Protein chains: 2
Amino acid sequence: MKAYADFIELVKEYYDVSSVEMLLDWDQETYMPPEGVKDRSLQLATLSKVAHEMLTSDRMASLIKELGTAAVHDALTTEQQANVRRAEWEYHRAAAIPSSFVKEMAKKKSEAFHQWTKSRAKSDFASFAPYLFKLVEMKKQEAEYIGYEDRPYDALLDGYERGLKVSKLEPLFSELANGLSSMVGRIRDSGTEPDTSFITCGYPIEDQKKFCRRLTDFISFNYERGRMDEAPHPFTAGTLHDTRITVRYYPEDPRPAFFSALHEGGHALYEQGFIEEHYGTPMGQAVSLGIHESQSRLVENIIGRSLPFWKHWYPALADTFPKQLEGRSVEEWYAAVNDVRPSLIRVESDEVTYNLHIIIRFELEDAIFSGKLDPKDAPQAWDEHMEKYLGVKVPDSANGILQDIHWSQAYFGYFPTYTLGNLYSAQFYDTMKKDMPDMDQQLERGEFAPTLQWLRDNIHKKGGMYEAEELVEEVTGEPPSHEPFMAYLENKFGGLYGI
Amino acid sequence: MKAYADFIELVKEYYDVSSVEMLLDWDQETYMPPEGVKDRSLQLATLSKVAHEMLTSDRMASLIKELGTAAVHDALTTEQQANVRRAEWEYHRAAAIPSSFVKEMAKKKSEAFHQWTKSRAKSDFASFAPYLFKLVEMKKQEAEYIGYEDRPYDALLDGYERGLKVSKLEPLFSELANGLSSMVGRIRDSGTEPDTSFITCGYPIEDQKKFCRRLTDFISFNYERGRMDEAPHPFTAGTLHDTRITVRYYPEDPRPAFFSALHEGGHALYEQGFIEEHYGTPMGQAVSLGIHESQSRLVENIIGRSLPFWKHWYPALADTFPKQLEGRSVEEWYAAVNDVRPSLIRVESDEVTYNLHIIIRFELEDAIFSGKLDPKDAPQAWDEHMEKYLGVKVPDSANGILQDIHWSQAYFGYFPTYTLGNLYSAQFYDTMKKDMPDMDQQLERGEFAPTLQWLRDNIHKKGGMYEAEELVEEVTGEPPSHEPFMAYLENKFGGLYGI
């Protein structure tokens, strides 16, 4: 069909430009020289404008309209319909926003990011504040452009997880917060505290790198179609044949490296698992950030922090770091990588407290965008929330409100997808275990292929065929829920902490 | 003036996209995983189409027209006029070519490049031939689109060096070929042959890298605004605040590394020397490929292969490679890095024979584009020319017609600018020596700052103010000529070979 073929050509060109933006971001975080930020911010601003113009062109509008008419729509395959549906959603969000606003936003984001790195280094919120306020103001404007039923913040949530709303998150997060807080209390009261001295006594970075390479090879990250580099804030970027993960290394403690490698590796398996023929179309892309995160957290936590996984890997680890692990057992290692401890920094937090960090960010963002919280009072609100949910005192803004890159990038509404990812991952895992009752034994034997095949068949190959909630139901037979995740935590940490 | 401001905004957006294309090329040659070429070729094809559409938009056309009317034009500053003039030239070349042709060309180039790397590895011209023929055919078509007075090839030459024509190159190259052939003969007949055994006996690559870093620091390559990486075919890419050079390393012989670092460093000094306020406009860009090459060859050869330069650097070199250089003198090193020897590979050839390699390529390209040579007979013609000009027998196409990347990229008309760069560099050097009679003593004392300042003032800061021939006359008082270059060679190699 001519209209569909023309539509796909435009969609693919839009994808080309978007994927180049992603590569420029990757380069900025890995190899770009310090002063390159000036030129890069101009390049990114122009590309964002170009991409926006492509997506919202008159030609795109008329093709989407034509493909939406009943007769034409019915003649499309299910996959083609999915492509049209998802492109239409993106089109409507983009078409609501003027192109000049998009370019301006890209520039403001670059400036804010640049300032954030400086402000965080000095732990000085005041110097970052004007940039943050400007981004909030622009995002409020963006929400007005896009439109919403209940709350402005809903318009932003929808950009990362289609159809997500505060009214869906509030009950979910409230039950989750209760369950997690109770568990944190029980763990504290248990009096059990794993020994982590041997895991923070110095691990040469070169050896960490080699071990990360082995871990990523193990999960079948394809290096013919990807790379692994170093970045202060690990992320995954790329396309089907060129998926790039980044890892951060701390000289004293190998956990950040191993688990960022597995986390980003999980993201990368998703990207590398799309079907070739759908390249550049929604059918060859992730459902949502939440689903993407489910893939990274499943590999990082459910698999990567499990006892069967380390039963296979511990001997190799002890060979690589014989001095550090002398006289230690796999059980001690397993306990140390699952140390639950309320702390200041989200990305270093454990599986239990992690989602409390997210809930804090969600509550603050919701308050800011519903006008209940003035951004200038955000640092105080941050500290109060940290005290309330985690019982920790924030010593300075570098370890508090300035810790995350997201707000400097105007990613408001993004954080909740991390927790959704955790919830989805536990739901998928339940189904996986039903389908493969001997999954633990496989991992213990060093077999990852069946797990990957399950992910390929149930999630990766489906690309953008479903929305997030639909996919969860399609795969697990249940709508998204916090219960499987809480049950997973109870089971795991019940064992570890005897609670 | 509103029209000029609007024009500059478009010009800068075009520059943003073009500079991203350059970065994607850099990434492709340095860090991209092998299979990434599939996605990269799509990205580059789309960006080339986008850039072309930007340059040839109706809005650009009408602004250029408006800025060209006498009253408006006269109200512009000289610098503004230069921006308009150079953009107009680019516009006219681009507007002659359909956008679909540009995208198709980008795709064909990617495919041809991909095939070339494989064909060269197998030394198999036949497998590359269909790709080459297609590119030649398309370039002939492009020449017809653009138009020319005398020969189709002129339309291609003009793309790299504005106004360049076969009728200008023929007399220049013919005199040059005579002079060089005679010199090669005299050197051969001199019976003098430098000892190069100690320069090919193994130099650890890590030490080569550190020394390249010192050499590039010495010439003031700014690492806050640039990087140095490894690439099989060294090149320079980037923008004012992000200029990237690449170097190739051979484990046995450090010359390719040192002189590619200095060569690309010379290119980079030019890029890093443009004036900030002209960023993204022709005034903040190179005059032409020939002028660009004059900067690289001046640093690589005239300075970097000179005795004063090595009188300063040899002690540090001997410290770094004590075993390899034991009992050797700076004069022996100087002779070894200036070994004149007819050979098969252009990029490894010396200052005397280098331009004969270029003249061969020019003659073949001219013959192909004037229809006198069928591309299928090109390998035989290549071998005959190598025998005629250099007296060497070509053993296989990897060491012959398949050695250069250029034809796989459809860079027909590009090679002559290398020789123009050599000629310009010698002319600039003559003027430099007049302005700074103690330049040799400065270099011997390890002072590069005055040389760089001269280049900044006379060449770099002028950006795109002049055309190549104008700049040469402006700086040296003479039109481009082969004589200063020949005199430079006679002086240098007369001394080295006693001829």
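Numbered from 1 within each chain, the chains take letters A, B, ... in sequence-line order. Quick caveat, the model's predicted, so the values are computed rather than measured.
B/Glu53 CD to A/Glu53 CD: the interatomic distance, rounded to the nearest 0.5 Å, is 11.0 Å. Between the CD atom in A/Glu35 and the OG1 atom in B/Thr239 there is a gap of 11.0 Å [rounded to 0.5 Å]. Atom CG of residue A/Asp229 and atom OH of residue B/Tyr31 lie 8.0 Å apart, to the nearest 0.5 angstrom.
The shortest side-chain heavy-atom distance between A/Asp39 and B/Arg225 does not fall under the 4.5 Å cut-off. With contacts defined as side-chain heavy-atom distances shorter than 4.5 Å, the pair A/Arg40/B/Leu23 qualifies. For the pair A/Asp16 and B/Lys49, the minimum side-chain heavy-atom distance is 4.5 Å or more. In this structure the side chain of A/Pro33 reaches within 4.5 angstrom of the side chain of B/Arg244, judged on heavy atoms. Looking only at side-chain heavy atoms (C-beta outward), B/Leu42 and A/Tyr279 come within less than 4.5 Å of each other.
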| said: Before you tell me yes or no, could you show the steps for A/Leu47 and B/Val50 under side-chain contact (heavy atoms from CB on, under 4.5 Å), namely the whole-Å CA-CA distance, both residues' side-chain angles and the distance that decides it to 0.1 Å? | reply: CA-CA 10 Å; A/Leu47 284 194; B/Val50 166; over 6 Å; no

| Checking side-chain contact (heavy atoms from CB on, under 4.5 Å) for the pair A/Asp27/B/Asp27: CA distance, chi angles, key distance, verdict? | CA-CA 9 Å; A/Asp27 181 80; B/Asp27 181 79; 5.5 Å; no

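No more than 12 heavy atoms of other residues, nucleotides or ligands sit less than 6.0 Å from atom NZ of A/Lys107.
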